**Student:** 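I'd like to ask some things about the structure below.
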Amino acid sequence: MKMAEQFNIKTHVLVPVHKKISNEEKEELFKKYNISFKQLPKILSNDSALEGLEVVSGDVVQIIRKSIDLGEVPYYRVVVNGKRI
Amino acid sequence: MVEKFVHKKVKSIVFGMLSPEVIKKMACAKIITPELYDKEGYPVDGGLMDIRLGVIDPGLRCKTCGGKLKECIGHFGYLDFARPIVHVKFIDVILKCLRATCKDCGKLLVDEKKLAKQDEERTVVENERDVNVLRKQVHVFVTGLKSIKKCPHCEAKQLSIKMEKPTTFLENEKRLSPIEVRTRLERISNEDCVVLGLNSQYARPEWGILTILPVPPVTIRPSITLESGERSEDDLTHKLGDIVRINQRLFENLNVGAPEIIVEDLWDLLQYHVTTYIDNSVPQVPPARHRSGQALKTLSERIKSKEGRFRYNLTGKRVNYAARTVISPDSKIELNEVGVPLRVAMEITIPETVSEWNVKRLKKFVESGPKNYPGSNYVVRPDGKKKKITDETQEQLLEELQPGYVVERHLMDGDIVIFNRQPSLHRMSMMAHKVRILPGKSFRLNPSVCNPYNADFDGDEMNLHVPQTVEAMSEAEILMQVQTQIISPKDGLNVIGCHTDSVTGLYLLTTRMEFTKDEAVQILDQIGVYKVERFSKFGEIVKGREIFSAVLPDDFNFVGEDKQKRKVIVNNGVLVEGIVDNAIVGQEKGELIRALCAKYGLDLGIKLLGQLFRLGIEAISRHGFTTSISDTDLPGEVGSKCKEIIYNAERRVSQLIEQYNENQLVSMPGLSEEETMELKIREVLDRARTKIGEVVSSIASEENPTIIMVVSGAKGNILNLAQMAACVGQQSLRGRRIEIGYKDRTLSSFAKKDLMPHARGFIKGGYKDGMDPKSYFMHAMTGRDSLMDTALRTPKSGYLYRRLSSALQDVKLEYDSTVRDGKGNIIQFIYGEDGLDVSKTESGKINVKRIVEEFLEEIKNVA
């Protein structure tokens, strides 16, 4: 607990920005790549990077990664129940 | 031949267990006797070779389908067991089911509330995650049930069930018979099966206990007739024979009401036979053997592991039109050529369809026949009949030859073949080459392409494959030819370039060599530069650099850096400044080679590379080049300087040891005092050797051949020279000084706890000075260690690679720019998360500035 107070991983330089995308954006994403949510990369709902985002399983988060050549590159992950196992 | 089989498209595949009903339904015969053949050698009805199960003898007809040999694919039979038998492969599932359910009522050992919760959680996992996670979730739930002591439904007390390997179940140390197990499993309801992770439609738990055994068709276990006329049966038939025999005896004993012990014994024996029939390598079961003592190859062994069906027969198939021999070098052939021995060329053929336009040419091949080169071995008629060309058939074939026929002609110069060396670790391990027919018995390849194949000529063998259709040939030519592989996809550097002697040669050529005009022209002729305008501007004395420039195209501009970071400039095809060395033309370094390929395309690039390579070889052979022991001679004062450095280092070490002994050494963070001392000693000794290297290189003459090799980057570095001339240095074992050996000392020649450099594997002298026995021993220790290390590492990394490539084999880049696996799951949204094709970049980066400058230049030229 003490650790969490001192150190917020979300502000760390190596942790990319995670943000929840709206349902419309989600639909658009699925349409763009012609996929269902099962084909997206996954992220466990108890992942530390999702703290404070208020996401539930089935939501899609956008992760904005930094790239030397492209500047900012979006990546998408679907939130998956991570409580058990 | 009339095809009798129904053709359908596979939509999905389900794996499950066979139920007794299904086994019975798919069977065509009931097997009742262990006999195979009667006195006439005819298969016995109801025997294991029953002709209702298919035919393996020519002439006979299958009783089930009426097909002859090769027409009938075979049919299953069945065998009724006298008593149920446990299937070894399902004991885990059975145990899980027994433990999770009540021994009396057969219901799951959970109340409705918990069951509903589990159902809910399972559905969530099923919808969100994949099968593997689902499997794990079910497993965790089911194994959680085994600790429950009382059935929540009927209150019956649950006893602990153990499995005794391989096939018995114990309940409170009392044996559960397969009959008992089966009745319990039968009580499990279909709904509960789902909770247990089984789909009752395809896998009821009690089907894991066999009451009836499917007998595979004879076609999968054919017998072989030996020369003596004797029949030798397949391993499976042997095993099935054992099963049928024991089963019969069990039946008889049961019918006469034999004592329980005899029945039990026979039952166990039958269990053993069925177990080994399914898998002959179950731990704790002695494998069934031939009379010769060799273990039988039963069902599992047929499928499993490296020699099994999948890896041996399905993923690795044998092919025709392939050749394999030893390789040897030939720098006179082009990089994208391969020298093929004549006798290989006359064996391997290429099919060419006869048309109006080539009939004359192909007729010549048929005329020559198989014994003259270039000739042909076969002619294929339009109806698909293949005719071998012999002295008898030749004339007739020649007469009938007309458009539509196919002539299988010998391999000829310019044909495209695929050349390969194992292990095929990357795509450059298989490249397409053009054929060059040569005398001799070995494949010849240009030494420049050794690097991508990782080949050398100490006895390596390579494979050659000949594409048989025009589609395959052009595909190989466009996608796989050597020139398309110059730039590696891993880092965008050239895997092919000049090396060793060629680099030295080009270095010598561009630094010091001069020729008469005649010699210069001769050299260019030797390396394949024939155009007169290339040497028309030569004067009477031609500098080596001019010859180098003569190879480059006239409009070529290049600015690069050599190994010493000095500028190398090519202006309009003339080398105006700098020395050509490994950093300019070398493999995995050569900037010039990449620039040439980028500007003139890969086809011309590889041609120029070949010419540069040969130019280097030509230069070094005209210059003459040798290294000798005297290269490592040091002038007296340098020798004493080196000795001084070593002496100082030794003094420093003894100071450190003294400090340590007097506990004056301040330990460094994370290290004990002893470790600190060791680290510092190593530092001191390391520095001493580097210093010696510097001293040696400072006095080395530019004319010293060993130095030339080092400076040009052809081979070796200055440390190697220092090791030969002055000091071999510290021998290290697993990253530390040598510490093992006798008690408290490495060798008995030293005092105990001697920490001085020479007692811990520091070798003062150079290789040339020779070593004393103590140093020699230490040197041998590290030498062996590194040998062992490589010998142990190779198979380990091989297995690691196998797993990696299996995991990634279906991953590909889709048209929508995503990277996806075989199921269409997205792995990356943009390839590499930056969308860059590494082989098109300049060592992983894009030089925007250069592109802009080039573009501006272009605009200027247009305007």
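The shown structure was predicted, so the numbers you read here are calculated from the model rather than taken from an experiment. Letters A, B, ... are given to chains in the order of the sequence lines, protein chains preceding strands, and every chain is numbered from 1.
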**Student:** Quick one: does any side-chain atom of A:Gln39 pair with a main-chain N or O of B:Ile826 as donor and acceptor, under 3.5 Å?
**Tutor:** no
**Student:** Set out, in order, the CA-CA distance, both residues' side-chain angles and the distance that settles side-chain contact (heavy atoms from CB on, under 4.5 Å) for B:Arg820 and A:Tyr33, then state yes or no.
**Tutor:** CA-CA 11 Å; B:Arg820 303 196 190 203; A:Tyr33 293 113; 3.7 Å; yes
**Student:** So which atom in A:Lys38 and which in B:Asn825 form the shortest heavy-atom distance, rounded to 0.1 Å?
**Tutor:** O-OD1, 3.7 Å
**Student:** Take atom CD1 in A:Ile68; do more than 12 heavy atoms of anything else shown fall under 6.0 Å from it?
**Tutor:** no
**Student:** By salt bridge (charged side-chain N to carboxylate O under 4.0 Å, His left out), which residues pair with B:Lys150, not counting sequence neighbours?
**Tutor:** B:Glu155
**Student:** Sequence neighbours excluded, which residues qualify as salt bridge (charged side-chain N to carboxylate O under 4.0 Å, His left out) partners of B:Asp92?
**Tutor:** none
**Student:** Report which part of A:Lys42 has an atom under 4.5 Å of a heavy atom belonging to chain B: side chain, backbone, both, or neither.
**Tutor:** side chain
**Student:** Could you tell me which non-hydrogen atom of A:Leu70 sits nearest to which non-hydrogen atom of B:Ile830, and how far apart they are?
**Tutor:** CD1-CD1, 4.2 Å
**Student:** Check the surroundings of atom NZ in B:Lys812: do more than 12 heavy atoms from other residues, nucleotides or ligands lie under 6.0 Å from it?
**Tutor:** no
**Student:** Is A:Tyr76 close to chain B through its backbone or its side chain, or both, or neither, when contacts mean heavy atoms under 4.5 Å?
**Tutor:** both
**Student:** Would one find more than 12 heavy atoms of other residues, nucleotides or ligands at under 6.0 Å from atom CD of A:Glu25?
**Tutor:** yes
**Student:** If you count heavy atoms of other groups shown closer than 6.0 angstrom to NZ of A:Lys19, is the number above 12?
**Tutor:** no
**Student:** Roughly how far, to the nearest 0.5 Å, is the CZ atom of B:Phe829 from the CG atom of A:Leu29?
**Tutor:** 6.0 Å
